[in-house]
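Working notes, beginning with the structure itself.
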2 protein chains.
Amino acid sequence: MSPDRPPRVPDDYDPADFVPFAVTVDLAVFTVRDGHLHVLLVERGEEPYRGHWALPGGFVRPRESAGQAARRELAEETGLSPDTVAGLRPEQLRTYSDPDRDPRMRVVSVAYTALLPDLPEPRGGGDAAQARWTRHDTGELGHLAFDHGRILADGRRRIGAKLEYTCLATAFCPPEFTLGELQQVYETVWGVTLDRPNFRRKVLTSPGFVEPVEGPPRRTGGRGKPAALYRAGTATALHPPLLRPEGRPTP
Amino acid sequence: MSPDRPPRVPDDYDPADFVPFAVTVDLAVFTVRDGHLHVLLVERGEEPYRGHWALPGGFVRPRESAGQAARRELAEETGLSPDTVAGLRPEQLRTYSDPDRDPRMRVVSVAYTALLPDLPEPRGGGDAAQARWTRHDTGELGHLAFDHGRILADGRRRIGAKLEYTCLATAFCPPEFTLGELQQVYETVWGVTLDRPNFRRKVLTSPGFVEPVEGPPRRTGGRGKPAALYRAGTATALHPPLLRPEGRPTP
DNA sequence: TCCTTAATGGTCAGGTTGACTATAAAGGTG
DNA sequence: CACCTTTATAGTCAACCTGACCATTAAGGA
């Protein structure tokens, strides 16, 4: 698997200015489980940071884009089919390029976020050791490898913000879900509690956010009145947005 | 200017998987001039795309981050001092990594956006030919080099969205400005007209957006009642946001 | 049967927005 | 100079949205 065209130094720059970089992708994959935000982590099997937890990811191959690499790594790491992963539409977060972020060499990493419905317990299929869902809130995740702690924090802030003005929250839910489940996504990611009737009103009056499923309702856990089921609608943006309480953006 | 540490292939991957990439930055620099959105472009002096217009940018050097490269290139291209450029805080847009985006070799480009107050006519100082402000709306800018047309479109969409929920618009204005000038920033970027009293009320009741300047007002162009002057406030976010009309996000 | 839980259907006051009218203060024009 | 145009500023009013509530329904558990 060598590159189709060998890389050449561009001729309109001083060759001394050109350095080969390695380019990787890193994935901040979130899910909501038991009312807590979880993130997919792998345990590193090699130095540096052997034994530390890290975000799943890997090198971009010669003939693929960073987005393709992200989808490939996500499929390898979770054991999900490529089709399923493509439907998750991993979204580019930002690129990390500090010269010293990897002690081995100059590595530039394009980070992605992805949102999974719920606990398809990962089979560690990729390069590293097992992949595991880890609670994001507790101190359970110590110091991550490289600058992955920063990437993870940036990813969490981004998805929190996107919940406000997009319909992204449905990506955390299974194909059919109750409004209670959808509300719990917001409450979990934002770390707040929302008024149930108000949340319901907002969601149902936002055109295209959700659409009702015909047929009998299901009971969530047995307790309480059975809830109606909804599917994700066709809308992608939320106008006006669903602002989080206090008007205080996560810093 | 050779790298401090020669790049090495990471030992936990098949060497065939590792390809050296070139990493560049590209800058989408906007300003508002005569009520029109302008973007900073340079004319390419070499193949490929010789004679085409392109975004300013260049290679990331061995010991600098992409952000540092963006600030350096912006200073070179505009002739502004590094201090001034640092104050502009170029913001990362996204990374473009299509394998065929540069016909010469494998180049991954980290794109940035920057907002300038007004027409400091650039002196073409950098590598390429002259840098020029070009109107963004007209067909004046034909096909840009590489995938720069797409980068430019992404950048415009991003700043349009950020005007809604941040105080970014003041970055388009000189240190002291009138509310009419601030409003024209919104109208120009969004391509709409806004009600003047309503815009005024919204800005003045948003804490920290702008703060009044003591002293006599100035007249903008001579015509009309003199307007009061304001400075950018300390706030960075806008809660609640200033949504654009029609509730229709730029697609 | 009663209690608890969760879903759903309402009301109501306050805040924000969009549409609109009115007034003030400048320059330009006859 | 009177008068018009232009721009800034002040204010009104209804529609809409939101947050804080209260009430009812329908399930399971004790």
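None of the values given here were measured: they were computed from a predicted structure.
In this model, the phosphate group of D:dT18 is approached by a side-chain N or O of A:Lys202 to a distance below 4.0 Å at OP1 or OP2.
In this structure, CG of B:Leu238 is placed 12 Å from P of C:dT16, rounded to the nearest angstrom. Between the CZ atom of A:Phe177 and the P atom of C:dA6 there is a distance of 20 Å, given to the nearest Å. Computed from coordinates, the B:Phe199 CZ to C:dT16 P distance equals 17 Å when rounded to whole Å. Rounded to a whole Å, the CG atom of B:Leu182 is 17 Å from the P atom of D:dT7. At whole-Å resolution of the value, NE2 in A:His239 and P in C:dG18 are 12 Å apart. The CZ-P distance, from A:Arg223 to C:dC3, rounds to 14 Å in whole Å.
A donor-acceptor pair shorter than 3.5 Å can be found between the side chains of A:His36 and A:Arg135. Looking only at atom types and distance, the side chain of B:Ser109 has a donor-acceptor partner in the side chain of B:Asp26 under 3.5 Å away.
Taking the side-chain contact (heavy atoms from CB on, under 4.5 Å) definition, one finds that A:Arg231 meets it with A:Glu176, A:Glu211, A:Val213, sequence neighbours left out.
A:Arg156 places no side-chain N or O within donor-acceptor distance of the main-chain N or O of A:Ile151, the cut-off being under 3.5 Å. B:Thr31 places a side-chain N or O within donor-acceptor distance of the main-chain N or O of B:Leu116, the cut-off being under 3.5 Å.
Ring to ring, A:Phe177 and A:Tyr230 are not that close: their centroids are 6.0 angstrom or more apart.
Using a 4.0 Å cut-off between charged nitrogen and carboxylate oxygen, A:Asp154 and A:Arg157 count as a salt-bridge pair.
The C1' atoms of five pairs define one axis at each end of the helix from C:dT1-D:dA30 to C:dG30-D:dC1, and these two axes lie 10° apart (to 10°).
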Under a 4.0 Å heavy-atom criterion, the protein footprint on nucleotides 9-14 of chain D, written with B, S and -, is BBBB--
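Using cut-offs of 30° and 60° on the angle between ring planes, the pair B:Phe146 and B:His148 is tilted.
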